[in-house]
Amino acid sequence: MSLSILNLNDEGYYTIVCQNGHQTNTIIWQPKYELLFELGMNAIADGYLREGVTAFASSLERFRETCFRFILHLADVDHSFVDESWKRNFVRWSERQYGGFHAVWLVTIKGAPKTITPKQTELRNKVVHQGYIPTLAETKSYGEAAAHEIEENFRTLVATYGSKVDEFLRHEFSGRAMMKNVDISTLSIPTIIGTRLQSQNSIEFDDWIEKIRKDRVIFDWPKP
């Protein structure tokens with residue numbers, strides 16, 4: 001059996017042709033914020049600390065967007081209207097994204113969401129806007145804070161809305177598949193966020209980074 005190794009892409013859709021010419025169309029059955037966070041973990045494993053922080057920051061933004069869309073979905077706001085509003089008023093401005101997420105959360109959950117601290121936001125801004133090169137400790141600290149925000153808020157959504165969260169995510173994935181108008185298989189990949197959410201025991205960053213490095217040896221990855 002041959003192993004196909006592909007780079008992640010933005011739409012999460014992959015066409016694989018095996019050595020016998022058979023084609024498989026596959027989508028990754030996981031939210032984008034999980035995959036972005038995993039890219040951050042891989043960046044740390046490679047020693048690219050700035051890229052680790054930017055990937056974690058992007059993961060946070062996409063998680064907040066997912067919460068924003070989910071809550072408006074529950075309020076029966078038309079999906080096309082949410083898309084247009086996001087593109088027009090939020091997509092280019094991180095502060096607006098945070099504000100929109102925070103506002104809809106307060107209205108529906110009746111409490112403040114878990115968020116990273118202003119000091120951690122300052123680190124993100126220094127890295128993104130000032131070219132600051134963070135230390136390993138700073139990068140892991142920021143990543144841990146971002147992971148806690150995602151995990152705690154996700155668990156709050158599940159505790160509040162139950163299976164509606166999973167139904168919403170599945171609807172999003174199904175929509176991507178239907179747009180291709182072909183038979184599609186699904187695939188999940190191991191991520192630290194997904195594994196933490198499925199486990200009662202928190203997995204340490206250092207342990208996951210070591211796992212990434214071992215997997216690369218086992219699967220002889222990356223390849224040119």
- Query: Just by modelled atom types, is the Glu152 backbone N or O under 3.5 Å from a matching donor or acceptor in the Thr156 side chain?
  - Reply: yes

- Task: Flag yes if Trp208 and Leu136 sit in one hydrophobic cluster, no otherwise; membership is Ile, Leu, Val, Met, Phe, Trp, Tyr, and two members link when side-chain heavy atoms are under 4.5 Å apart.
- Result: yes

- Query: Can you tell me how far CD of Glu34 sits from CD1 of Ile189, rounded to the nearest 0.5 angstrom?
  - Reply: 8.5 Å

- Heavy-atom closest contact (Leu197 atom, Arg155 atom, distance): CA-NH2, 3.7 Å

- Message: Rounded to the nearest 0.5 Å, what separates atom CH2 in Trp105 from atom CG in Asn153?
- Response: 4.0 Å

- For Asp76, which residues count as a salt bridge (charged side-chain N to carboxylate O under 4.0 Å, His left out) partner, sequence neighbours excluded? none

- Message: Going by ring pair (Phe, Tyr, Trp, His ring centres under 6.0 Å), name the pairs with one or both residues in residues 65-91, residues two or more places apart or in two chains.
- Response: Phe68-Trp86, Phe68-Phe90, Phe70-Tyr161, Phe70-Phe168, His73-Phe168, Trp86-Phe90

- Query: To the nearest 0.5 Å, how far apart are CG in Leu36 and CG in Asp10?
  - Reply: 8.5 Å

- Would you indicate whether Asn9, at its atom CG, is surrounded by more than 12 heavy atoms from other residues, nucleotides or ligands within a distance under 6.0 Å? yes

- Item | Heavy-atom side-chain contact between Leu49 and Thr135 under 4.5 Å | no

- Message: When you group the ILVMFWY residues by side-chain heavy-atom contacts below 4.5 Å and let the links chain together, are Leu74 and Val158 in the same group?
- Response: yes

- Query: Among the clusters formed by ILVMFWY side chains lying less than 4.5 Å apart, do Leu157 and Ile116 turn up in the same one?
  - Reply: yes

- Specify the closest pair of heavy atoms between Thr24 and Ser185, including all atoms of both residues, with the distance to one decimal. CG2-OG, 3.5 Å

- Residue pair Arg69 / Val82: nearest heavy atoms and the distance that separates them: NH1-CG1, 3.9 Å

- To the nearest 0.5 Å, tell me how far Trp29 CH2 sits from Leu187 CG. 12.0 Å

- Item | Note, Thr115 side chain near Tyr98 side chain (heavy atom, < 4.5 Å) | yes

- Any donor and acceptor pair, going by atom type alone, linking the side chain of Asp46 with main-chain N or O of Tyr48 inside 3.5 Å? no

- Query: Looking only at atom types and distance, does a side-chain atom of Thr54 sit under 3.5 Å from a main-chain N or O of Glu51, one as donor and one as acceptor?
  - Reply: yes

- Query: Going by heavy atoms in the side chains, are Leu60 and Tyr142 under 4.5 Å from each other?
  - Reply: yes

- Note on the structure: Taken in chain and number order and not counting sequence neighbours, the residues that satisfy ring-ring contact (aromatic ring centres under 6.0 Å, His included) with Phe37 are Phe56

- Note on the structure: salt bridge (charged side-chain N to carboxylate O under 4.0 Å, His left out) filter on Glu167, not counting sequence neighbours, yields none

- Message: For Leu123 and Tyr132: C-alpha separation, side-chain torsions, deciding distance, then whether side chain to side chain contact (heavy atoms under 4.5 Å, CB included) applies.
- Response: CA-CA 8 Å; Leu123 173 67; Tyr132 177 68; 3.7 Å; yes

- Query: Below 4.5 Å, heavy atoms only, C-beta onward: do Lys126 and Val53 meet side chain to side chain?
  - Reply: no

- Task: For Leu106, look at atom CG and say whether over 12 heavy atoms of other residues, nucleotides or ligands are found less than 6.0 Å away.
- Result: yes

- Message: Are Ile203 and Ile150 linked, directly or through intermediate hydrophobic residues, by side-chain heavy-atom contacts shorter than 4.5 Å (ILVMFWY only)?
- Response: yes

- Test salt bridge (Lys or Arg N to Asp or Glu O under 4.0 Å) applied to Glu61 and Lys32, Arg92, Arg124, Arg96, the passing residue: Arg124

- Item | Nearest-0.5 Å distance that lies between atom CZ in Arg216 and atom CG in Asn42 | 4.5 Å

- Item | Electrostatic pair Lys140-Glu144, nearest N-O below 4.0 angstrom | no

- Query: Of all heavy-atom pairs between Val91 and Gln97, which one has the smallest distance, and what is that distance?
  - Reply: O-NE2, 3.2 Å

- Task: Would you confirm whether Ser141, through its side chain, and Ala137, through its main-chain N or O, come within 3.5 Å as a donor-acceptor pair?
- Result: no

- Could you give the distance from CE (Met41) to OG1 (Thr139), rounded to the nearest 0.5 Å? 11.0 Å

- Item | Any side-chain heavy-atom pair of Ile212 and Glu38 under 4.5 Å | yes

- Hey, is Lys211 close enough to Asp215 for a salt bridge, meaning N to O under 4.0 Å? yes

- Task: Using salt bridge (charged side-chain N to carboxylate O under 4.0 Å, His left out) as the criterion, list what pairs up with Glu151, not counting sequence neighbours.
- Result: Arg196

- Message: Same cluster or not: Ile71 versus Leu169, using hydrophobic residues (I, L, V, M, F, W, Y) connected whenever any side-chain heavy atoms lie under 4.5 Å apart?
- Response: yes

- Message: Could you work out, with salt bridge (charged side-chain N to carboxylate O under 4.0 Å, His left out) as the rule, every residue matching Glu149, not counting sequence neighbours?
- Response: Arg64

- Item | Greater than 12 external heavy atoms within 6.0 Å of Tyr14's OH | yes

- Item | CA sep, side-chain torsions, deciding dist, call: Arg62, Glu65, salt bridge (Lys or Arg N to Asp or Glu O under 4.0 Å) | CA-CA 5 Å; Arg62 298 292 64 74; Glu65 179 187 357; 2.8 Å; yes

- Item | Taking every non-hydrogen atom, the tightest pair across Ala43 and Gly52 | CB-N, 3.6 Å

